[in-house]
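We use all heavy atoms of the structure for the numbers below, so side chains are in, but hydrogens, waters and symmetry mates are not.
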Amino acid sequence: RMRCFDCFRQPHLCMPCASLAHQLSPFHRLLEWEMQAGFWKKLTRADLRIRLHYGHNGQPCPRRRSAFREVLVVHDRGMTKIPVALCSCRDSRAPLKKGKKRPLPGNGSWPGSWDMPRTVYTVDVLRQYHLLTLQAHTTVHDFHAYLRRTTDNVALHLVPVCSPELRLKASLTGT
């Protein structure tokens, strides 16, 4: 038995139904009941076999040449490592011209680097950072600490550390 911490009413689902229901909400936090221990255990994206396809509206690229690789996605609910496949089409691989901004196609994300990103920031987390900076004068360090606690407030030592590029990303997106 499973439940989603972020879904409205937190419905209890079986594994196949939870996987299907969260293909379009890959950053929701899913929990599974541990019968022996008597508590809700966090599930990883690997447990659900959730993968992201960047390009083609979330569908696999018909010209995909590379395998999935794990990318740290920084989103408004924390940080999550998810297997990602980038689009291999000619237009998406064209060199980026100086001063030109290009988000990862179709998913509302910005890469941590332009060549082979290992970290991806959602537009939602960039907007959240921007608003907290304006209203509460939150620093990059404090926002990063907030994201780490949002990811896992108990085992902070297990939470991945992303380099604080949020200020740069927020200025690029204009959020």
Side-chain angles (χ1 to χ4, degrees), residues 1-89 91-93 102-113 116-129 143-144 146-162 166 169 173:
R1 172 173 95 148
M2 300 173 59
R3 72 176 185 174
C4 178
F5 188 78
D6 297 307
C7 284
F8 184 64
R9 294 193 181 136
Q10 297 185 358
H12 291 245
L13 303 165
C14 64
M15 181 73 82
C17 291
S19 248
L20 184 63
H22 288 86
Q23 286 296 323
L24 298 177
S25 303
F27 309 129
H28 280 198
R29 295 167 287 187
L30 297 164
L31 308 166
E32 181 177 35
W33 181 251
E34 273 292 323
M35 191 65 95
Q36 303 294 337
F39 66 88
W40 291 98
K41 177 184 90 170
K42 283 176 70 173
L43 291 174
T44 65
R45 299 303 166 262
D47 295 332
L48 292 174
R49 295 187 176 105
I50 290 179
R51 297 175 169 187
L52 291 182
H53 296 275
Y54 278 90
H56 305 281
N57 295 321
Q59 299 302 312
C61 176
R63 296 185 180 121
R64 191 176 103 205
R65 296 180 200 117
S66 60
F68 283 92
R69 59 191 184 92
E70 199 166 76
V71 171
L72 178 66
V73 179
V74 182
H75 51 89
D76 59 344
R77 292 180 179 91
M79 296 176 264
T80 309
K81 287 189 176 182
I82 297 180
V84 169
L86 297 174
C87 178
S88 296
C89 292
D91 293 342
S92 69
R93 303 300 250 175
R102 179 176 62 205
L104 290 173
N107 285 327
S109 302
W110 283 81
S113 68
M116 292 301 280
R118 292 189 184 123
T119 306
V120 172
Y121 300 87
T122 65
V123 172
D124 291 335
V125 78
L126 295 174
R127 186 176 298 118
Q128 188 178 30
Y129 170 69
F143 190 68
H144 183 257
Y146 159 76
L147 286 172
R148 291 187 74 214
R149 288 199 177 272
T150 302
T151 303
D152 191 337
N153 198 26
V154 177
L156 282 175
H157 62 284
L158 298 176
V159 177
V161 177
C162 67
L166 292 171
K169 299 300 170 216
T173 58

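Lys81 contributes atom NZ, which lies 11.0 Å from atom CZ of Arg118 (distance to the nearest 0.5 angstrom). From His12, atom NE2 reaches atom CZ of Arg1 across 5.5 Å, with rounding to the nearest 0.5 Å. Atom-to-atom distance recorded for Leu30:CG and Met15:CE is 9.0 Å, nearest 0.5 angstrom. Rounding to the nearest 0.5 Å gives a distance of 11.5 Å between CG of Leu13 and CZ of Arg3. Distance CG/Leu72 to OH/Tyr121: 7.5 Å, rounded to 0.5 Å.
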Name the atoms and distances for all side-chain donor-acceptor pairs under 3.5 Å in residues 148-155, with sequence neighbours left out.
{"unit_1": "Arg148", "atom_1": "NH2", "unit_2": "Leu156", "atom_2": "O", "d": "2.6"}
{"unit_1": "Arg149", "atom_1": "NH1", "unit_2": "Asn153", "atom_2": "OD1", "d": "2.8"}
{"unit_1": "Thr150", "atom_1": "OG1", "unit_2": "Tyr146", "atom_2": "O", "d": "2.8"}
{"unit_1": "Thr151", "atom_1": "OG1", "unit_2": "Met79", "atom_2": "N", "d": "2.7"}
{"unit_1": "Thr151", "atom_1": "OG1", "unit_2": "Leu147", "atom_2": "O", "d": "2.8"}
{"unit_1": "Asp152", "atom_1": "OD1", "unit_2": "Val154", "atom_2": "N", "d": "3.0"}
{"unit_1": "Asp152", "atom_1": "OD1", "unit_2": "Ala155", "atom_2": "N", "d": "3.1"}

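Contacts classified as salt bridge (Lys or Arg N to Asp or Glu O under 4.0 Å) and involving residues 13-32 (residues at least two apart or in different chains) are given here: Asp6-Arg29.
Contact between Ala18 and Met2 at its shortest, heavy atoms only, is CB-CE, 3.6 Å.
Under the side chain to side chain donor-acceptor pair (under 3.5 Å) criterion, Thr80 pairs with His75, sequence neighbours left out.
Residues Thr122 and Phe27 meet the side-chain proximity criterion, which asks for heavy atoms closer than 4.5 Å. Between Lys42 and Leu31 the shortest side-chain heavy-atom distance falls below 4.5 Å.
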